[in-house]
Amino acid sequence: MVFLHGWAMSGRVWRFQHPLDDAYRLIFFDQRGHGQSAAAEGYAIDDYAGDVAALFSRLALEDAVLIGWSLGVQVALQAFPSVRERLAGLVLVGGTARFTTAEDYPHGKPPVDVKGLSLKLRRDYQKTMGDFFKGMFAEGEMDQAQYQRIVMGGRSPNTCAAKESLNILATVDQRDRLAQVDRPVLLVHGELDTICPAAASAYMAKRMPQARLELVPGCGHAPFMTRPEGFNALVRNFIEGLRK
């Protein structure tokens, strides 16, 4: 399994998925400018997707499952043509093919919200990052002790990476790619997600030939963090199904 984290996060967000290593090889990938990865010259969607393709090639991965969350979903969709022959399936968590709304697409954030986030980052980077992280979780989704376990040991991304990659959220539209994803896909989405609405995953599920959607009640943007046992069980069942 190759795990792709979301905007302004790192591979550490997947630490609650470590129990899956009893049966599978797990690769937690820090995307460029995030976590332990070095800063880079570019942070466009093709840059991130190219890194994924290079990773698959360098490690000679075969029959892999690519697991993307949030921005990682868009990176996975962009990388799909390059890694298609090496994939057994995909798991797309809290994602969308287009982050912002359009006349023919209501399942996103108003474009002005992305511009507002960019301005807030410039004014107060640390506070904006903290507010964004808290906004990933629904009210009552977890107690304070669980929240502290989740935030413990987090690391902010390279400032340029965080700011520049917002352009992906503002401009990328991958709706025309969905019908080309000819591998089994499991979509997992928190029903109370306010960052990427669950309707965005429902939209993708209807347009990918081999996709099914699992909604997680009571959860926001990161059900794999707050409901790890249930999420891990969904992933195990999905992969077992690929073997049949």
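Position 1 is the first residue of the sequence; numbering continues from there. Every value quoted in this text rests on a predicted model; they were computed, and no experiment measured them.
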Worked verdict on S165 versus W7 for side chain to side chain donor-acceptor pair (under 3.5 Å): CA-CA 8 Å; S165 55; W7 177 78; 3.2 Å; yes
From Q36 atom CD to R12 atom CZ, the distance as rounded to the nearest 0.5 Å: 10.5 Å
Note: D131-K127 ion pair, threshold 4.0 Å (strictly below): yes
Side chains of L215 and L213 in contact at under 4.5 Å (non-hydrogen atoms): yes
Test side chain to side chain contact (heavy atoms under 4.5 Å, CB included) applied to L90 and V65, step by step: CA-CA 5 Å; L90 298 97; V65 174; 5.9 Å; no
Parallel, tilted or perpendicular: ring planes of Y203 versus Y105, cut at 30 and 60 degrees: perpendicular
Close side-chain approach of P157 and M9, heavy atoms under 4.5 Å: no
L77, L87, L92 screened by side chain to side chain contact (heavy atoms under 4.5 Å, CB included) with L66, the one that passes: L87
Same apolar cluster: I195 and L192, side chain cutoff 4.5 Å: no
Under 3.5 Å donor-acceptor, D173 side chain and R175 backbone: yes
Geometric class of the W14/W69 ring pair [parallel <30°, tilted 30-60°, perpendicular >60°]: perpendicular
From CZ (R177) to CE (M208), nearest 0.5 Å: 13.0 Å
Least distance between heavy atoms, A200 atom then G95 atom: CB-O, 3.6 Å
Hphob cluster co-occupancy, L4 + I239, side-chain heavy atoms under 4.5 angstrom: yes
Distance in Å, T171 OG1 paired with F99 CZ, rounded so as to fall on 0.5 Å steps: 12.0 Å
Flag, side chain of S37 to backbone of G33, donor-acceptor distance under 3.5 Å: no
Minimum-distance pair of heavy atoms, taken over all atoms of A198 and G190: CB-O, 4.0 Å
Interatomic distance, F29 atom CZ to I67 atom CD1 [nearest 0.5 angstrom]: 15.0 Å
Salt bridge R243-D63, side-chain N to carboxylate O under 4.0 Å: no
Under 3.5 Å side-chain donor-acceptor pair for Q31 and D51: no
Side chain proximity check, V181 to M204, heavy atoms < 4.5 angstrom: no
Verdict with supporting geometry, Q74 and L169, side chain to side chain contact (heavy atoms under 4.5 Å, CB included): CA-CA 9 Å; Q74 291 182 300; L169 302 182; 3.7 Å; yes
Closest non-hydrogen atom pair, P184 against F238: O-CZ, 3.5 Å
Transitive ILVMFWY side-chain link L26 to V75, under 4.5 Å: yes
Under 3.5 Å: donor-acceptor pair, side chain of D113, backbone of K109: no
Carboxylate-amine/guanidinium proximity below 4.0 Å for R207 and D176: no
Any E62 side-chain heavy atom under 4.5 Å of F56 side chain: no
Side-chain ion pair, D182 and R84, N-O less than 4.0 Å: yes
Under 3.5 Å: donor-acceptor pair, side chain of E214, backbone of L234: no
Test item: C219 and D193 side chains (from C-beta on) under 4.5 Å apart, heavy atoms: no
M225 reachable from Y147 in the ILVMFWY side-chain graph, under 4.5 Å edges: yes
Beyond-backbone contact of N158 with R32, side-chain heavy atoms, under 4.5 angstrom: no
For M136 against E141, the heavy-atom pair lying closest together: O-OE1, 4.5 Å
Side chain to side chain, R183 and Q210, heavy atoms closer than 4.5 Å: no
G218 to E191 - nearest heavy-atom pair and separation: N-OE1, 4.4 Å
T159 OG1 to Y125 OH distance, which is reported to the nearest 0.5 Å: 4.5 Å
S201 side chain near H107 side chain, heavy-atom distance below 4.5 Å: no
N237 backbone acceptor or donor facing E240 side chain under 3.5 Å: no
Spacing of L121 atom CG and T128 atom OG1 [to the nearest 0.5 Å]: 5.0 Å
Flag, side chain of Q17 to backbone of F224, donor-acceptor distance under 3.5 Å: yes
H221 side chain to H189 backbone, donor-acceptor under 3.5 Å: no
For the student: nearest non-hydrogen atoms of A44 and I168, plus distance: C-CD1, 3.9 Å
Flag, side chain of R122 to backbone of K163, donor-acceptor distance under 3.5 Å: no
Short side-chain to backbone donor-acceptor contact, D30 and S10, under 3.5 Å: no
Evaluation steps, side chain to side chain contact (heavy atoms under 4.5 Å, CB included), between L187 and R212: CA-CA 6 Å; L187 297 113; R212 68 180 177 89; over 6 Å; no
CA sep, side-chain torsions, deciding dist, call: Y43, N167, side chain to side chain contact (heavy atoms under 4.5 Å, CB included): CA-CA 9 Å; Y43 297 100; N167 290 328; over 6 Å; no
Side-chain ion pair, E229 and R227, N-O less than 4.0 Å: no
Pair F28 and H5, ring centroids less than 6.0 Å apart: no
R86 (side chain) donor-acceptor with L61 (main chain) under 3.5 angstrom: yes
